[in-house]
J.: 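For reference, the structure I am asking about is given below.
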Amino acid sequence: MENNTDQRSIASSYFNFFKAQLHLLNFFTYALIFSFGLLIGMTLTFCVKDFSFNFQIQNFQDPSLSLNPPPHFSYSPPILLSNISKTSYDHDNQTNISIKQNCPATHNLTSNGLEELLKIPKAMHDMNEDELFWRASLAPMIHKTPFKQTPKVAFMFLTKGPVLLAPLWEKFFKGNEGLYSIYVHPSPSFNETVYNQSLVFHGRRIPSKKVKWGENSMIEAERRLLANALLDFSNQRFVLLSEHCIPLFNFFTIYTYLMKSKQTFVEANDIPGRVGRVRYNRRMCPLIQLSQWRKGAQWFQIDRYLAVRIVSDKPYFSMFKKYCHPRCISDEHYLPTLVSIKFWKRNSNRTLTWVDWSKGGAHPAKFSSKDVTIDFLERLRFGSTCEYNGKTTNVCHLFARKFGTQALDGLLTFAPKLMQFN
Ligand SMILES: *[C@@H]1O[C@H](CO)[C@@H](O)[C@H](O)[C@H]1NC(C)=O
Ligand SMILES: *[C@@H]1O[C@H](CO)[C@@H](O)[C@H](O)[C@H]1NC(C)=O
Ligand SMILES: *[C@@H]1O[C@H](CO)[C@@H](O)[C@H](O)[C@H]1NC(C)=O
Ligand SMILES: *[C@@H]1O[C@H](CO)[C@@H](O)[C@H](O)[C@H]1NC(C)=O
Ligand SMILES: *[C@@H]1O[C@H](CO)[C@@H](O)[C@H](O)[C@H]1NC(C)=O
Ligand SMILES: *[C@@H]1O[C@H](CO)[C@@H](O)[C@H](O)[C@H]1NC(C)=O
Ligand SMILES: *[C@@H]1O[C@H](CO)[C@@H](O)[C@H](O)[C@H]1NC(C)=O
């Protein structure tokens, strides 16, 4: 009996073992069938997709370019930078991108690619702001140019309408062609044809937008001017001016002073109270701390390195757009604060534009012809001391404001001779 049950239990355990094996086998069979089905399904899906995609490509392809891939070959065409059109920004629309990329026929293979890159767009171009700022932010990693380049100073006029003191500037620029570029950002509603703007300013208007004093649109305009001036690779120094600015020296002196300077000129001061720290908004923390908040005149003189960084800045400018509203007077704080946080090492913290705040109020003193005397101009030219490339100098200002058309006669009488224009 015992033996019998033993045998039976052995048999049943064998049977159980066998059953378990069978289950496992079944499981594997099912799994195999399932994966096989999945594979077929996936293959079919891809085939159909591939087919329709290729069908679209073939449909729009130029038959003369008989580089057509075989029907089931997944094909990703190379990106041809020579023909970027607005449609290539549409990343979702594969069809359109492929069309653009498959048309290299217009590309002249013998043309000098460098020439194309260095070509200066017209002042009034058709790029939108995203395109403009992206292009302006391009900077070479190799600093020595493999071609001859005469560095230029970009004079950027942020105006309401015409450059009021154009006749004076005209005399200033005369004979220095090739050493400067001019950019004018007037109000978009300014009708140029009504004014007979002198020759150097002709055709130098850039695509502009409305600007309100003390608001972020002012910073936008400054950045827009910088971006446009950066499109010309030979612009190495950048000067922001208003229609009320005058030069205090001749072109050669100003050009040399700017080119030889090891520093940038963005005025930046830490000022307590109503016009300084009070304008700081705590919500800018931690990106900008109260101790980092700076104030300065918006009229700067900077180099290309800093100009590229300014047009490429996103975080600080977004912070200002969010938290620096009218009473904050953003144009007096954005650049001074940004430069003092990130680029303070080479900044002089002073501006080269003279101005008279001694009369108080929200706007500086404005001068007319009767104020403009030789003594007055000499005081602006040599009346203070400062540091330049580590040495003390009495040439601290190259430009001055504010002067209107009422001052033009006086200026034209004294300035060209005193400053030795030409
Ligand atoms: C880009 O391609 C279009 C047609 O697809 C052509 O009209 C245009 O001239 C091309 N532009 C350049 C810069 O090759
Ligand atoms: C691609 O462009 C065509 C024509 O404008 C449009 O009909 C289609 O919906 C677009 N496809 C995608 C994925 O956006
Ligand atoms: C995409 O291509 C189609 C066909 O060529 C064209 O009609 C359509 O305007 C293109 N879409 C865009 C956004 O350019
Ligand atoms: C290609 O560019 C070179 C140099 O700019 C020019 O001489 C030549 O005529 C161009 N060829 C065509 C087909 O446009
Ligand atoms: C600008 O002024 C001229 C002359 O008065 C006029 O003919 C022209 O239409 C004006 N242009 C615009 C865009 O207002
Ligand atoms: C106005 O411009 C025209 C052509 O641009 C020029 O011939 C003329 O002398 C200018 N007039 C004045 C007053 O500047
Ligand atoms: C300019 O200001 C920064 C930040 O406040 C400071 O670190 C730097 O020493 C100053 N540079 C000069 C030349 O005064």
Side-chain angles (χ1 to χ4, degrees), residues 122-126 159-164 166 184-199 201-211 237-238 240 243 257-273 275-281 284-303 305-307 309-310 313 315-317 319-320 324 329-354 384-398:
K122 281 206 172 84
M124 193 56 88
H125 53 73
D126 65 353
T159 68
K160 290 194 185 77
V163 177
L164 295 175
V184 187
H185 183 299
S187 158
S189 60
F190 168 57
N191 187 339
E192 232 169 338
T193 59
V194 180
Y195 294 83
N196 212 356
Q197 193 79 85
S198 52
L199 230 51
F201 296 101
H202 213 264
R204 300 313 306 164
R205 181 177 181 164
I206 64 161
S208 60
K209 287 192 179 164
K210 213 173 156 193
V211 172
R237 297 292 183 273
F238 301 79
L240 184 67
E243 64 261 66
Y257 195 104
L258 292 172
M259 286 299 172
K260 294 231 164 122
S261 173
K262 296 190 180 97
Q263 288 186 307
T264 55
F265 300 93
V266 177
E267 191 180 38
N269 299 306
D270 184 4
I271 294 174
V275 293
R277 284 195 176 209
V278 166
R279 293 180 185 164
Y280 171 77
N281 186 330
M284 292 180 174
C285 210
L287 187 69
I288 304 168
Q289 286 156 28
L290 177 62
S291 61
Q292 295 173 318
W293 186 251
R294 291 290 180 278
K295 180 185 172 159
Q298 69 186 115
W299 314 105
F300 58 74
Q301 298 80 24
I302 62 174
D303 60 13
Y305 176 91
L306 184 52
R309 267 73 195 168
I310 290 169
D313 166 51
Y316 291 88
F317 189 41
M319 197 60 93
F320 268 76
C324 187
I329 321 289
S330 43
D331 56 81
E332 291 183 350
H333 299 279
Y334 168 66
L335 277 185
T337 301
L338 170 68
V339 170
S340 295
I341 293 174
K342 299 197 72 175
F343 312 105
W344 59 271
K345 266 192 190 160
R346 287 192 315 109
N347 191 39
S348 62
N349 300 340
R350 67 183 180 96
T351 174
L352 298 177
T353 304
W354 183 94
S384 47
T385 52
C386 56
E387 263 200 12
Y388 175 77
N389 286 350
K391 290 197 180 105
T392 305
T393 176
N394 63 348
V395 177
C396 302
H397 299 107
L398 303 183

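One-based numbering, in listed order, for ligands and for the atoms of each.
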J.: To the nearest 0.5 Å, what is the distance between NZ on Lys262 and CG on Asp303?
T.: 13.5 Å
J.: Output, in order, the C-alpha distance, side-chain angles, deciding distance and verdict of side chain to side chain contact (heavy atoms under 4.5 Å, CB included) for Ser187 and Val211.
T.: CA-CA 7 Å; Ser187 158; Val211 172; over 6 Å; no
J.: What do we get for Asn347 next to ligand 7 when only non-hydrogen atoms under 4.0 Å count, side chain, backbone, both or neither?
T.: backbone
J.: Could you find the nearest protein heavy atom to atom 3 (C) of ligand 5 and give me its residue, atom name and distance?
T.: Thr193 OG1, 3.4 Å
J.: How are the rings of Trp293 and Tyr280 set relative to one another: parallel (under 30°), tilted (30 to 60°) or perpendicular (over 60°)?
T.: perpendicular
J.: Could you find the nearest protein heavy atom to atom 9 (O) of ligand 5 and give me its residue, atom name and distance?
T.: Asn191 ND2, 4.7 Å
J.: Phe317 and Tyr334: aromatic ring centres closer than 6.0 Å?
T.: yes
J.: Examine Trp344 against ligand 7 and note whether any of their N/O atoms are separated by less than 3.5 Å.
T.: no
J.: Verify the contact flag for atom 7 (O) of ligand 5, where contact means a protein heavy atom under 4.0 Å away.
T.: no
J.: Is the cationic atom of Arg309 (NZ for Lys, CZ for Arg) positioned less than 6.0 Å from the six-membered ring centroid of Tyr305 and within 45 degrees of its normal?
T.: yes
J.: Looking only at protein heavy atoms, identify the closest one to atom 2 (O) of ligand 7 and say how far it is in Å.
T.: Asn349 ND2, 2.4 Å
J.: Quick test: of every protein heavy atom, which one is nearest to atom 5 (O) of ligand 7, and how far off is it to 0.1 Å?
T.: Arg294 NH2, 3.0 Å
J.: Please check if the side chain of Arg294 supplies one atom and the backbone of Ser291 the other of a donor-acceptor pair under 3.5 Å.
T.: yes
